[in-house]
Amino acid sequence: MSHFPNSHQELSLYAYIPTARQPQLLKILAGVSGMGAENYLQHHLIYRPTRPKPAPSTADHFYIQLVCRVDMPKTGNGDENGKQPAGANEYKPREQRWAMRLEDLPEVTRKPVVSRGIYSANTHQGDVLGFTESLGYTLQAPYFTDNFRFIHNNVIITLSQTLIPPTISEAGQAAEARAGNEVGDEIFGNPFPREALTLVDPGWTMQAAVRVQTNTDVENVNLGVNELRALKEVLKGVCDLDVVERLALDTRVK
């Protein structure tokens with residue numbers, strides 16, 4: 001994984017938060033962490049290998065994810081009818097600053113946390129979407145996440161919801177191709193207007209995570225496990241932070 005310079009081992013716990021409890025939990029986490037929540041929207045693109053894995057091969061193939069933070073447009077009051085000026089909802093996926101991310105299958109471990117390798121690389125210029133396709137990957141699905149983040153000691157606490165954009169269907173793409181028209185970047189999804197995004201689940205997924213350099217760094221792994229245990233105890237009765245089934249986080253291509 002030498003092509004992913006920002007790689008690390010992630011130790012984590014998870015909880016499902018009903019939508020009615022989310023405002024209260026944000027206040028509690030603000031008190032625990034001593035900071036206000038950082039709220040931001042992220043764009044995710046899931047890519048899968050174009051070519052199927054050769055039958056005799058035992059090597060695993062993984063989905064690759066491109067992730068970027070969405071800059072919210074600066075909008076005024078619009079015209080006398082409240083209509084925003086042309087271009088207010090313009091979003092250009094190929095001009096975003098993407099990070100390429102690969103998440104390994106969680107380890108089989110007796111530790112009371114989920115432990116897995118995260119391999120990532122930041123990009124600064126160029127057509128990252130085209131580059132990913134040139135590596136032999138095809139877009140599988142676009143989606144967005146609405147996130148609230150806190151930092152408590154070495155623990156990164158994130159509450160997120162998944163939203164699906166309206167995209168052109170395969171039938172629509174085929175019709176455009178037959179008509180000789182190039183299918184545009186709408187296949188990657190557009191976060192604007194926000195009202196056009198569809199919420200997958202009204203609840204929130206909470207992740208508490210600690211990053212360590214490698215899983216062989218026993219001292220820091222143990223420190224991370226203890227920090228997650230301590231946070232779990234602090235939030236006992238508020239939410240149930242726990243491990244999840246490792247296959248639920250499986251990113252291998254079947």
Side-chain angles (χ1 to χ4, degrees), residues 1-16 42-54 57-69 97-124 128-129 131-132 135-143 145 147 149-160 162 205-232 241-254:
M1 298 294 181
S2 59
H3 299 300
F4 295 92
N6 303 322
S7 303
H8 61 272
Q9 191 75 11
E10 181 183 80
L11 312 173
S12 58
L13 293 173
Y14 297 83
Y16 179 79
Q42 278 187 318
H43 191 177
H44 302 253
L45 298 175
I46 305 299
Y47 283 83
R48 65 175 296 148
T50 302
R51 296 180 180 178
K53 182 170 62 175
S57 174
T58 58
D60 289 324
H61 285 191
F62 290 83
Y63 290 98
I64 282 182
Q65 185 174 175
L66 298 183
V67 185
C68 76
R69 187 173 294 206
R97 299 186 64 175
W98 296 95
M100 185 174 287
R101 180 180 173 99
L102 188 152
E103 301 174 349
D104 206 350
L105 178 68
E107 299 175 355
V108 177
T109 176
R110 293 184 178 179
K111 295 184 181 70
V113 299
V114 176
S115 177
R116 66 173 172 180
I118 304 293
Y119 308 96
S120 63
N122 294 326
T123 62
H124 302 288
V128 181
L129 309 185
F131 173 72
T132 304
L135 294 177
Y137 285 82
T138 302
L139 180 66
Q140 176 81 3
Y143 68 94
T145 53
N147 307 278
R149 187 172 72 168
F150 301 86
I151 307 294
H152 176 56
N153 297 325
N154 293 310
V155 183
I156 302 170
I157 306 167
T158 308
L159 276 73
S160 61
T162 300
T205 298
M206 176 177 173
Q207 183 199 47
V210 175
R211 299 172 181 175
V212 296
Q213 194 66 35
T214 67
N215 60 354
T216 58
D217 185 354
V218 178
E219 181 179 356
N220 282 318
V221 166
N222 289 337
L223 286 173
V225 169
N226 289 336
E227 283 202 50
L228 289 171
R229 277 176 163 171
L231 180 65
K232 178 178 180 177
L241 279 172
D242 210 343
V243 298
V244 296
E245 169 58 45
R246 62 190 291 267
L247 293 181
L249 301 175
D250 191 355
T251 59
R252 295 174 297 180
V253 177
K254 300 298 189 292

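Just so it is clear, the structure is predicted and the values come from calculations on it, not from any experiment. Below, each value reflects all heavy atoms present in this structure, side chains not excepted, and no hydrogens, waters or symmetry copies.
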**OP:** Please report the C-alpha distance between Leu249 and Glu103 in whole Å, then the side-chain angles of each, then the deciding distance to 0.1 Å, and finally whether the side-chain contact (heavy atoms from CB on, under 4.5 Å) criterion is met.
**Re:** CA-CA 9 Å; Leu249 301 175; Glu103 301 174 349; over 6 Å; no
**OP:** Given side-chain contact (heavy atoms from CB on, under 4.5 Å), test Val221 with Gln9 step by step and report yes or no.
**Re:** CA-CA 9 Å; Val221 166; Gln9 191 75 11; 5.6 Å; no
**OP:** For Tyr137 and Leu66, run side-chain contact (heavy atoms from CB on, under 4.5 Å): C-alpha distance rounded to whole Å, both residues' side-chain angles, the deciding distance at 0.1 Å, then the answer.
**Re:** CA-CA 12 Å; Tyr137 285 82; Leu66 298 183; over 6 Å; no
Subject >> Step-by-step side-chain contact (heavy atoms from CB on, under 4.5 Å) determination, Leu102 to Thr251 >> reply: CA-CA 8 Å; Leu102 188 152; Thr251 59; 5.6 Å; no
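Within the 3.5 Å criterion, the main-chain N or O of Asn154 finds a donor-acceptor partner in the side chain of Glu227. Arg48 places no side-chain N or O within donor-acceptor distance of the main-chain N or O of Gln140, the cut-off being under 3.5 Å.
Annotation: side chain of Met100 is in contact with side chain of Thr132 (closest heavy-atom distance under 4.5 Å). Put simply, the side chain of Phe150 does not reach to within 4.5 Å of the side chain of Val155, judged on heavy atoms. Using a 4.5 Å heavy-atom threshold, the side chains of Ile157 and Ile151 count as separate. At least one side-chain heavy atom of Leu247 sits under 4.5 Å from a side-chain heavy atom of Arg252. Here the side chains of Lys232 and Asp242 are in contact, with some heavy-atom distance below 4.5 Å.
By the side chain to side chain contact (heavy atoms under 4.5 Å, CB included) test, Ala99 is found to be paired with Asn122, residues two or more places apart in sequence or in another chain being considered. With sequence neighbours excluded, no residue forms a ring pair (Phe, Tyr, Trp, His ring centres under 6.0 Å) with His152. Applying the side chain to side chain donor-acceptor pair (under 3.5 Å) test to Arg211 and every residue at least two apart in sequence or in another chain returns nothing.
For the 3.5 Å distance criterion, the side chains of Ser160 and Thr158 fail to qualify, holding no donor opposite an acceptor. Inspection of the Thr50 and Thr138 side chains reveals an N or O donor paired with an N or O acceptor under 3.5 Å.
Between atom CG of residue Asp250 and atom CZ of residue Phe62 there is a gap of 7.5 Å, rounded to the nearest 0.5 Å. Interatomic distance, CD1 of Ile118 versus CZ of Arg101, reported as 4.5 Å (0.5 Å rounding). Taken to the nearest 0.5 Å, the CD atom of Gln207 stands 10.0 Å off from the CG atom of Leu241. Expressed to the nearest 0.5 Å, how far CG of Asn220 lies from CG of Asn215 amounts to 12.5 Å.
Thr205 and Tyr14 get closest at one heavy-atom pair: CG2-CD2, 4.5 Å. Of all heavy-atom pairs between Ser12 and Leu228, the closest is N-CD1, 3.9 Å. Smallest separation of non-hydrogen atoms from His44 and Val67: ND1-CG2, 3.8 Å. When all heavy atoms of Leu45 and Pro142 are compared, the pair lying nearest together is CD2-CB, 3.6 Å. Nearest approach of His8 to Val212, heavy atoms of both residues: CB-O, 3.4 Å. Looking at every heavy atom in both residues, Cys68 comes nearest to Arg97 through CB-O, 3.4 Å.
More than 12 non-hydrogen atoms from other residues, nucleotides or ligands lie less than 6.0 angstrom from CD of Glu245. Surrounding OH of Tyr16 are more than 12 heavy atoms belonging to other residues, nucleotides or ligands, all under 6.0 Å away. The environment of Arg229 atom CZ is sparse: at most 12 non-hydrogen atoms of other residues, nucleotides or ligands sit within 6.0 angstrom.
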